[in-house]
Every structure is written in C-alpha cells, then in structure tokens.
Amino acid sequence: LNEVNVVTGDLPIKYSFSYFQDPAKPLPVYNARERDHWGFWNGLNWFQTNGNNVSISNYPSYYASREPRLDWAKQGTLEQITFPTGGTTKFIYQLNDYTGLMNYYNGNTSNTFDPNADITYSEISNPAIKAAGGLRIWKIENNFPGLNQTYTREFDYSIPGSTGNPPKSSGVLAGLPSYIEQGQYVTWYNQLWNFFSWQNYNTQTYGLTNGSHITYSQVKEILPGGSYVIRKYTNNNNPLYRDQKYLDKMIGNGNIYRGNMHFSSLSLERGLLEEENYYNTSGVIIKTIKYTYNISPTKFDDHVRMVGCTVVDINTGFADLINNPPPNNLAFTIPIRNAYSYKKYMYPNLPTKIEETIKSVDGLQSLTTITNVTYDNQRNVKEKSILGSDNKLIRTFFKYANDYPSTGTDNTSLSITNLKNKNYRNAVIEKIIVKSDANGANAFVEDAELNFYETTEPVFKKQIKLSKNLS
C-alpha cells in the first residue's frame, strides 16, 4: 500500500506510506532458505556454500547462519507515514532480544529431550543478552509542518537497574532453536541403535506457544520532554504464568521422542498489563494504575482435554539385514510414535479490579480510585463499581437477554427471546447507575436507560433514558 486518498468535497486528502527498501538487498525468491531461526529473512543460505554436507562438526556453522540480522529483517517493513498536512511519522526498529529463557523438556543438551524433565525458566549469561528474530519498535518520530522540531517517543525493553552494557533484557524466549536430535532406538530384535537426525526446521516447542516466540515483562516509554511511563506485563519469569507439563504420555519404540512434546499452555495468563507507572521529568511517580485479573482457581476448570500425536519415520539409509535379507533388503526406517494428553484452557482473563492513584508533583499526596468489575456466566459485565477518594461509590448495573424469562408474548418479551435464540447474549437491555456512600447508604439512581430491539431481527430499535436523581 503506497497511498490512500480520501475524497471529501473537491479536495482529495492523501496519506502516503513508504517502506524500507535497500536496493542492495532485494527480497529473496520463494523458498530461498535465507531465514533466521524464527522464519524472518536474514540473507544467509548455509546450503549454498556447504551443499548437503550435514554432520555434527558442521552444525555450529549452520546454527550461526540462522541468527537474525536487522538490516535484512526490516526490509519491506513500514518506515514512514506522510499525512495530508505534510507532517510525518517515522518508525525505527530493533531486533527483539532476551535474557530470560524457557526450557521445555530439555535433556543434557539443547539437542536432546527428556519427557520426564520439567518446564523451567533460566537466564542466559556470557552474554547476558541475545538477539532474537522479528522486529520491535525502538523509536517513533513525529514531525509537524511549520515546526522545525522532531517529537520522539522511545521504547526501552531492558530491566531497570540491571548492570552491564547493554543491560539485561526483560524479554523471555520461548525456547532455544534446535535442528538436530540424537537418541537411541530398540529394534524389533532387541538391538540398540544410536541415531542422529538433522532437520531444516526447528524441533523445539516454542511454535506451540499460541503467541509470539518472545514476550517482554516490562517496557519503558520515554516521552518528548523527558517524562516516561513504565508498563509491566505478566510473563514466564513468574512461575504462576508458566506452561504446565503434559498430563500423561505414551512413548513408543524405547526412548525415542520428538522435541515438539505437548503441554498445557498458560498463554492466557501472559502478556496481561499488570501495572503502569507515570513519571515526571524529575523521575517522580505522579500516577500508578494496577490491574487485577480473574484469580479464581475454578477458572482452570474451563478447559478441554486434548491429545497431541507425533508420527515420524526417520530413514537411516542402512539396510535391516535380519528382517529384510537380500535381495529385498530396504533402507532401515526408525518409526517415532508419541502421544501426549494435555489441557486446552478456554477461560477469559478479564480485569476484575483497577486501582488508579494520582499523586502530587512532589509525590507526597495522593488520590486513589478503585474500580471493581464482576461478570456473568456469558462473560458480560454484570456490575461495575467505582470508589473514589471522596469516599463516594458509583455502581453501574447491566442486564442482558439471559436475565429475563422467555415466557412473555408482548413485543419487548418477543424481542428478548429473539436475542437469546440468535445468541446475541451481550446486547444490553437495562443499564442503571446508582450513587451512594461507600457503605451503600444514601443511595439514589443517577441515570438509567432501557434499550429495545426488533422482534424478528437482533437490531437495535430505540432507547428510553430515565431522569436523573430518582429517589
């Protein structure tokens, strides 16, 4: 997309888009194999210079050829938007990076897998930070016509207070890439075979994370003028949010298994905004917002039991002279048959409490507002209450189609029945706002509304609003 023209009246309004395009780095042809560990372009194809000379000794050079490279990864990505006013927004990217590392069923090395091993978290060292595939935004530069000044927002993904140059990253990688597997196979005639397998695709489990291969625990946004915001997110560095081991397993053919062993993913728990801290130019916190999500242990009951299977045959290139003697002997094939049961969680992680505290410039005085939210079994907001620093409570109540019986024959009842029959469970029928003291005393209705829908189609018809301050 190069431009968008919006015609209003006689004058077109044009938005233009430009992209990173280095003539010295034309985009690769289809299936060029020039990709990093995570599938992003890096301009390197190990097989062009090494052919199919795969061996343990050549593996380190192949692995290095799959490392990410920024100048190639950003080709073809959005660089600048030009607005109708002549102003521009420019995007500057970095490669992702990480210090935290998830280990899924790893054995003694990253190339072996132990189905009895746990899912663990660790931090890398020497170096304490490494690049990962894919881009993240580093800076956003805004230029306005008539002003000879650039307004820049910068994003810092490191861990505050960590020493080193560069400091540790808050990024957590979902698992180290691996392309070889080593193991043993017990033949039908009880002979032990050692095997080595090399793939051009990653054998690790991070592809099953139901999300990005890398997630960040903290991001600092530096605003024009020097103030900044630090946002914290749920991530694998907290044991509460790590994936759970499979429930049971079936490993065929001795101890052969693949790296893509399944697990119960807790991706629904990760990436949630936990806290926002707003700082002034002096580094003093002037506002904090804390978020609480569904903490009920019964939420884990909302799941489906799943079974994941792996069926792979590895051709050894050697003949099985016992079961297939000459002249009909065929290349010996190692069959891999694995199955794992696990849970697929279905619950939503909806916010149940938001606590916002605004502080004075010196950070010594504060005002706090607490918002609590409850939901019905259809995951609709049932009640929202806001308790202010003035000790006043504002409660908003909602009613939906499922809150009414389906026995009426009047038009209003028929329209509600129609909503339920067509599964429009989130259409608001009633909304009532009640103000009171913190303990519920001196309550009065501040506002209320009643919504009507068509009787045959789930279409909004009209709304009646009630007068304020009804006793």
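This chain uses plain numbering: 1 for the first residue, then up along the sequence.
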Mind checking side-chain contact (heavy atoms from CB on, under 4.5 Å) for [X] and listing every partner two or more places apart, or none if nothing turns up?
X	answer
I295	T292
L393	S385, L387, R395, S436
P166	I129
L414	N411, T455

inquiry  = Applying salt bridge (Lys or Arg N to Asp or Glu O under 4.0 Å) to E269 and K299, what does each step give before you reach the verdict?
reply    = CA-CA 11 Å; E269 296 284 341; K299 68 182 179 182; 2.7 Å; yes

Listed once per pair and sorted, the salt bridge (charged side-chain N to carboxylate O under 4.0 Å, His left out) pairs that draw on residues 417-433, sequence neighbours left out =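 Non-adjacent pairs meeting salt bridge (charged side-chain N to carboxylate O under 4.0 Å, His left out): K422-E457.
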
task = Write out all pairs satisfying salt bridge (charged side-chain N to carboxylate O under 4.0 Å, His left out) with one or both partners inside residues 162-178, taking only residues at least two apart or from two chains.
result =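 Every salt bridge (charged side-chain N to carboxylate O under 4.0 Å, His left out) pair that includes a residue of residues 162-178, provided the two are not neighbours, is E123-K168.
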
Are [X] and [Y] ion-paired here, with the side-chain N under 4.0 Å from a carboxylate O?
X	Y	result
D447	K465	yes
K435	D390	no
E34	R66	no
K290	E274	no

Can you tell if the side chain of [X] reaches within under 4.5 Å of the side chain of [Y], non-hydrogen atoms only?
X	Y	result
Y246	I119	no
Y279	V229	no
E383	Y375	no
Y453	V459	no
K130	Y98	yes
Q94	L70	no
M102	L173	no
Y19	L78	yes

request  = Give a yes-or-no answer on whether the side chains of S227 and N280 include a donor-acceptor pair shorter than 3.5 Å.
outcome  =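 Looking only at side-chain atoms, N280 and S227 do not form any donor-acceptor pair under 3.5 Å.
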
With sequence neighbours excluded, residues passing salt bridge (charged side-chain N to carboxylate O under 4.0 Å, His left out) with [X]:
X	result
K382	D403
E141	none
K90	none
E275	none

inquiry  = As an exercise, state the distance from CZ of F91 to CD1 of I137, rounded to the nearest 0.5 Å.
reply    =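 Here the rounded value is 6.0 Å.
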
key: Any pair counted as ring pair (Phe, Tyr, Trp, His ring centres under 6.0 Å), so long as it reaches residues 123-156, sequence neighbours left out   =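 Sorted result for residues 123-156: F144-Y151.
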
[X] side-chain N/O to [Y] backbone N/O, donor-acceptor pair under 3.5 Å:
X	Y	value
S341	D248	yes
N294	S296	yes
S162	P167	no

request  = Examine H37 together with Y179 and report whether their ring centres are nearer than 6.0 Å.
outcome  =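 Centroid separation for H37 and Y179: below 6.0 Å.
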
query = Hey, do the aromatic rings of F263 and Y342 have their centres closer than 6.0 Å?
reply =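 No - the distance between ring centres of F263 and Y342 does not fall below the 6.0 Å cut-off.
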
inquiry  = I'd like to know whether S16 forms a side chain to side chain contact (heavy atoms under 4.5 Å, CB included) with I81, so could you lay out the CA-CA distance, the side-chain angles of the two residues, the decisive distance to 0.1 Å, and finally the verdict.
reply    = CA-CA 6 Å; S16 301; I81 302 174; over 6 Å; no

message = Could you tell me if K220 sits above the aromatic ring of Y228, with its cationic atom closer than 6.0 Å to the ring centre and no more than 45 degrees from the axis?
response =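 Yes, a cation-pi geometry.
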
task = Would you kindly check if the NZ (Lys) or CZ (Arg) of K462 is within the cone defined by 45 degrees around the ring axis of F452 and under 6.0 Å from the six-membered ring centre?
result =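 Checked: cation-pi criterion met.
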
Side-chain donor-acceptor pairs under 3.5 Å in residues 437-444, sequence neighbours left out?
residue : atom : partner : partner atom : Å
D437    : OD1  : K392    : NZ           : 2.8
D437    : OD2  : N442    : ND2          : 2.6
N439    : OD1  : A441    : N            : 3.0

